[in-house]
Amino acid sequence: MTRSEKVGQLVQLDGSHGYPPDYLGERLRAGGLGSVINNANPDIVKELQRIAVEESRLGIPLLIGRDVIHGFRHVLPIPLGQAATWNPELVLAGARVAAEEAARAGINWTFAPMMDVTRDPRWGRVAECLGEDPHLASELAAAMVRGFQTDDPSAPTAIAACAKHFAGYGGVDAGRDYDTTNLPRNELRNVHLRPFRAAVEAGALSLMTSFSEIDGMPCTASRFLLRQVLRDEWGFEGLVVSDWDSVRQLSIHGLTADDREAAREACEAGVDIEMQGEAYAHHLEELIESGQIAEALLDAAVSNVLRVKCLLGLFERPFVDNDTLPAPDPVRMRATARETARQSLVLLKNHDNLLPLDRGRLKNVALLGPLADAPYQQLGTWIFDGDASLSVTLRQALGEQLGDDIELSYLRVFEHSRSRDTRDMAAACELAAHADVVVLGLGEESILSGEAHSRADIDLPGAQRELVHAVRAAGKPVVGVILAGRPLTLSNVINDFDALLYAWHPGIEAGPAITEVLLGDVSPSGKLPITFPSVVGQVPIYYNHKMTGKPPLPGQVAHIDSLHTRAPQTSLGMSAYHLDAGHRPQFPFGFGLSYGQFHYHDLQLDRHALSVGETLGITVRVTNHGAQAGDEVAQLYVRDLVGNVTRPVRELKGFERVSIGVGETVTVHFELHSEDLGFYDRNDEWRVEPGAFQLWVGGDSDADLESGFYLHPAA
Ligand code: NOJ
């Protein structure tokens, strides 16, 4: 390879404009391009690939990248919704159907999964992440990687996964997208890096750098992250791609003075491919000629890219031959979308067991709100190739299921979720007054979450809150169904709902999945993958926080409304909480109700002391005392009581989704290896530290069925 051909392999350009792709064609023929992003037109992709393979000197096939984030044409729930299923097999199946559809268009590389741990629902990209917990995100990220790539990435419907955004992007200041991240190294390692390691261990072929900076160093230039952690410590052999133009942005950050320096910093740090930017194309060759970058660095980067192309089987099979691929099975795709949507729904409130609705006692149901019949909006963010004509809305599905005997009166009320035009409110209240039950389809439309869509106020947008209050005043039972790309703050509306179902953006099967739950054909089983604050000022609020030196104790948390003006300071409890919001979130991590009633009992450990290197067996029995069968996600939490560095008050260490019939008892088994108790210590070193541990099992992060054990040094 000539030097310029080598550099060409490190260049990725936007291919979204026009056909025939003239400007790309010339680059390809000259060996100046190794990858194209953003074209999913099978004919154009094929032509680009043909030019690369047949008309360039070396005939190296192209990586064709695309953001296939939660489905391709058949859109599944947003990743945060998928995380609410706590079901890695289902998440794997979703990635598989997405890859099957995308591969037929010639796409061989997706920019997913995103596994940025975040504790900030203001951040628009919370929609795309897998929640706040490193263990849950690790399990689901690994499942997605396996779903996209399969065991054999060279298989015709396998596409390369990309673990993103490395690293710490979820910690952006105030949840403002692209902003600075301030994460201490210990927290970075113990929390934020863990899902990336899991993705690497699952075989992810690529990894994308984060737009943000940590501790003065933009991630696209971070040798610590890209060389020390990723290559040296984890042994990653795939390729590293920058985020969109983030090499040139090193100069905007103020780390470098110009594109030339930016190219040098990124290349030295270990960025192999520059996504949609020309700093590498314009400067790498000259940087090597002038001795500022060692040729060996270029060779290593090119090897990483070519290795991935080899593993994908592109040299043997650069073109997609749709005639030889199994025909896409729309029934299976829809079924996967339905099952994922079903399991993603989280029942947050169910006063007096209003849900499931009793069809036999209904004559008239009022369905109101901007998201009850919004085929596009129910799909959520990142739906470049999604087909909204495949969507079935709540209005359609509920109408069908209620049949001719039960009237469904529908009013959209607001044009969109942000609307403040209240002219239809009176009519909405009128419908509510004449109904037996009111179902409100509320939330955020797609455009309010996702990349570049952060919000500082995460209440229901527009005048929806007024609608909830007004409908409540009509005196009928009110069921809220919220479709949103993030946890919303609900404290000012929660009392107005008798029942509340959180649906995230559920994808094409939103309507049928929600209807099944409302009517009791399916018991809700989703669990929150992220804490819900009650007011935005609590953010960041998350379950696996530290103890602090002054933890709030029950009975010692004062409230602003009941303060005596001259109360002594000590009467305030002197601990870590807000006077006006306490220390509790609206809903804790892991929470979600069911139509079953699950009682956890008989927690047993197969021993109460183990040595480093051993595994602890834990069983618990769960009985369904409710009137309906359902799935429950049993969760195991652990606290390391004394550590070389302080440890979280609880950490999720295991979870298991089980189906439990009425009156039935199931035994859930967890295994905890001593390695699962390890952490990075004050010297940045991994350690499994002997000592005492507390342990809880239950249906959410407040689980109170408790035990403990002691970890001894290796025998
Ligand atoms: C920028 C986003 O941050 C990243 O997640 C995405 O994959 C790329 N753009 C490509 O669209």
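Every number for a ligand or one of its atoms is a count from 1 in the order of the listing. Counting begins at 1 with the first residue of the sequence.
- Residues lining ligand 1 at a heavy-atom distance below 4.0 Å are given as Ile37, Asp67, Phe111, Arg125, Lys164, His165, Met208, Phe211, Asp243, Trp244, Met275, Trp382, Glu451, ordered by chain and residue number.
- Among residues two or more places apart in sequence or in another chain, the ring-ring contact (aromatic ring centres under 6.0 Å, His included) test is passed with Phe315 by none.
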**Q.** From CA spacing to verdict: salt bridge (charged side-chain N to carboxylate O under 4.0 Å, His left out), Glu278, Arg248
**A.** CA-CA 8 Å; Glu278 298 270 29; Arg248 288 180 346 112; over 6 Å; no
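- Of the charged side-chain nitrogens involved, at least one lies within less than 4.0 Å of a carboxylate oxygen, so that Arg29 and Glu55 count as a salt-bridged pair.
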For residues 198-207, run the donor-acceptor check on the side chains, cut-off 3.5 Å, and write out each pair with its distance to 0.1 Å, sequence neighbours left out.
unit_1	atom_1	unit_2	atom_2	d
Glu201	OE2	Arg197	NE	3.3
Ser206	OG	Trp109	NE1	2.8
Ser206	OG	Ala161	O	2.7

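- For Thr180, the side-chain contact (heavy atoms from CB on, under 4.5 Å) partners are Asp173, Asn182, Glu213, not counting sequence neighbours.
- One finds no salt bridge joining Arg264 and Asp258 here, because no Lys/Arg side-chain nitrogen approaches an Asp/Glu carboxylate oxygen to under 4.0 Å.
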